[in-house]
Amino acid sequence: MRRNVTRAEYCVIACAEAWRDNGEVLASPMGLIPSVGARLARRTFSPGLLLTDGEALIVGADGATEGWLPYRQHLAMVTGGRRHVMMGASQIDRFGNQNISCIGDWDRPTRQLLGVRGAPVNTLNNPVSYWVPRHSPRVFVERVDMISGVGYDSAAAAGPSASRFHRIPRVVTDLGVFDFATPDRSMRLASLHPGVSADRVRAATGFALVIADEVPETREPTAEELRLIREVIDPSGSREHEVRS
């Protein structure tokens with residue numbers, strides 16, 4: 001029987017699953033729900049994950065300091081592929097190209113965003129997943145206005161030096177989970193959060209998704225996972241402010 005699981009908690013589980021079987025790599029979640037997900041994965045099915053305080057320290061599942069992560073070592077982990085980032089996206093297209101730099105034409109943008117930041121080196125050197133708390137056609141666009149994070153088509157066009165280590169395991173939103181497990185590496189609906197229909201996802205996406213006739217639901221958290229989320233990792237319920245039920 002399904003327990004009273006909120007949409008935010010399904011999102012936490014979907015994010016946590018991005019780090020399943022990753023082994024001893026640095027989890028770099030950007031955002032509240034990805035951070036809860038990474039800590040949940042560390043406490044349950046991915047105990048080898050390395051977590052940081054977001055700055056310079058390796059920390060344990062309880063936040064206690066385990067070691068120092070100087071910037072030079074952090075860069076070595078990135079270029080060596082021993083890091084799995086979950087970034088945000090102001091725009092993302094069907095092949096996983098991501099934009100966090102500007103909206104509109106580069107010469108005269110209508111909105112200036114964060115800038116490219118570390119997105120290119122992240123996407124070319126280690127796995128990068130994405131978290132989008134509000135799935136809409138403004139985010140899921142036919143073509144991003146500027147490529148910050150490299151998608152599958154762009155990596156392939158650039159050649160083996162770009163595509164060799166390039167991988168986008170999943171995109172998680174408030175509506176479902178998406179991947180690129182298709183012949184042409186275009187985005188596919190992998191699972192729907194309970195209560196969400198495929199038609200709703202189609203309407204909220206600015207390009208044609210690959211959607212099977214039968215799409216599974218995002219898995220339900222176990223009783224122990226729910227306890228950890230609610231009592232240990234996020235007892236204040238901050239997750240419910242990012243994704244409302």
Side-chain angles (χ1 to χ4, degrees), residues 2-20 27-41 84-100 103 113-114 128-142 144 148-149 151 168-181 186-212 214-222 225-226 228-230 233-234 236-245:
R2 179 173 292 160
R3 295 179 293 275
N4 187 25
V5 181
T6 68
R7 179 73 58 80
E9 289 163 345
Y10 278 106
C11 291
V12 167
I13 284 295
C15 288
E17 285 288 345
W19 286 284
R20 183 180 285 275
S28 294
M30 301 178 186
L32 173 63
I33 283 180
S35 295
V36 176
R39 292 170 63 192
L40 179 65
H84 184 168
V85 186
M86 182 168 281
M87 299 178 66
S90 300
Q91 291 180 328
I92 189 167
D93 66 26
R94 70 172 68 235
F95 294 107
N97 295 289
Q98 170 247 32
N99 177 24
I100 51 172
I103 303 297
L113 305 174
L114 290 173
V128 175
S129 294
Y130 292 105
W131 160 243
V132 178
R134 290 175 180 80
H135 190 131
S136 78
R138 295 179 63 181
V139 179
F140 286 75
V141 297
E142 182 67 34
V144 297
S148 302
I168 307 173
R170 64 175 48 197
V171 178
V172 181
T173 81
D174 59 331
L175 300 184
V177 180
F178 307 81
D179 62 22
F180 300 87
S186 59
M187 194 181 294
R188 177 187 77 131
L189 177 59
S191 74
L192 289 163
H193 300 328
V196 179
S197 68
D199 285 341
R200 182 177 174 188
V201 172
R202 284 191 186 95
T205 306
F207 54 83
L209 277 165
V210 176
I211 301 180
E214 297 291 332
V215 180
E217 286 191 345
T218 304
R219 82 163 177 89
E220 185 175 325
T222 66
E225 287 170 335
L226 271 183
L228 289 169
I229 293 170
R230 295 174 177 179
I233 301 172
D234 184 29
S236 65
S238 297
R239 62 194 177 278
E240 304 298 334
H241 297 291
E242 188 165 25
V243 174
R244 297 185 182 277
S245 298

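Index from 1, following the sequence.
Of the possible polar contacts, none joining the R239 side chain to the V12 backbone as a donor-acceptor pair under 3.5 Å is found.
Annotation: side-chain contact (heavy atoms from CB on, under 4.5 Å) contacts of R202 (sequence neighbours excluded): A198, D199, I211. In this view, R20 and E17 satisfy the salt bridge (charged side-chain N to carboxylate O under 4.0 Å, His left out) rule, not counting sequence neighbours. Shown here are the side-chain hydrogen bond (donor to acceptor under 3.5 Å, both in side chains) partners of Q98, two or more places apart in sequence or in another chain: there are none. Residues passing the ring-ring contact (aromatic ring centres under 6.0 Å, His included) test with W131, sequence neighbours excluded: none. For F180, the ring-ring contact (aromatic ring centres under 6.0 Å, His included) partners two or more places apart in sequence, or in a different chain, are Y152. E142 meets the salt bridge (charged side-chain N to carboxylate O under 4.0 Å, His left out) test with R94; sequence neighbours excluded. Residues forming a side-chain contact (heavy atoms from CB on, under 4.5 Å) with V141 (at least two apart in sequence, or on another chain): Q91, V144. Under the side-chain hydrogen bond (donor to acceptor under 3.5 Å, both in side chains) criterion, R39 pairs with no residue, sequence neighbours left out. The side-chain contact (heavy atoms from CB on, under 4.5 Å) test applied to L32 returns V36, S238, E242, not counting sequence neighbours. A search for ring-ring contact (aromatic ring centres under 6.0 Å, His included) contacts involving H193 returns nothing, not counting sequence neighbours. Applying the side-chain contact (heavy atoms from CB on, under 4.5 Å) test to S90 and every residue at least two apart in sequence or in another chain returns I100, L113.
The heavy-atom pair separating Y10 from P194 by the smallest distance is CZ-CG, 3.4 Å. Nearest heavy atom pair, residue V139 against residue A89, reads CG1-O, 3.6 Å. Among all heavy-atom pairs drawn from A38 and A27, the shortest one is CB-CB, 4.3 Å.
Note that OG of S35 is 12.5 Å distant from CG of L40, once rounded to the nearest 0.5 Å. Note that the CG atom of L189 and the OG1 atom of T173 stand 9.0 Å from one another [nearest 0.5 Å].
Screening residues 169-179 for salt bridge (charged side-chain N to carboxylate O under 4.0 Å, His left out) gives D179-R188 as the qualifying pairs, with residues at least two apart or on separate chains.
Below 30°, between 30° and 60°, or above 60°: for H135 and F140 the angle between ring planes is below 30°, a parallel geometry.
In this structure, R138 places its CZ atom where only 12 or fewer heavy-atom neighbours from other residues, nucleotides or ligands lie under 6.0 Å away.
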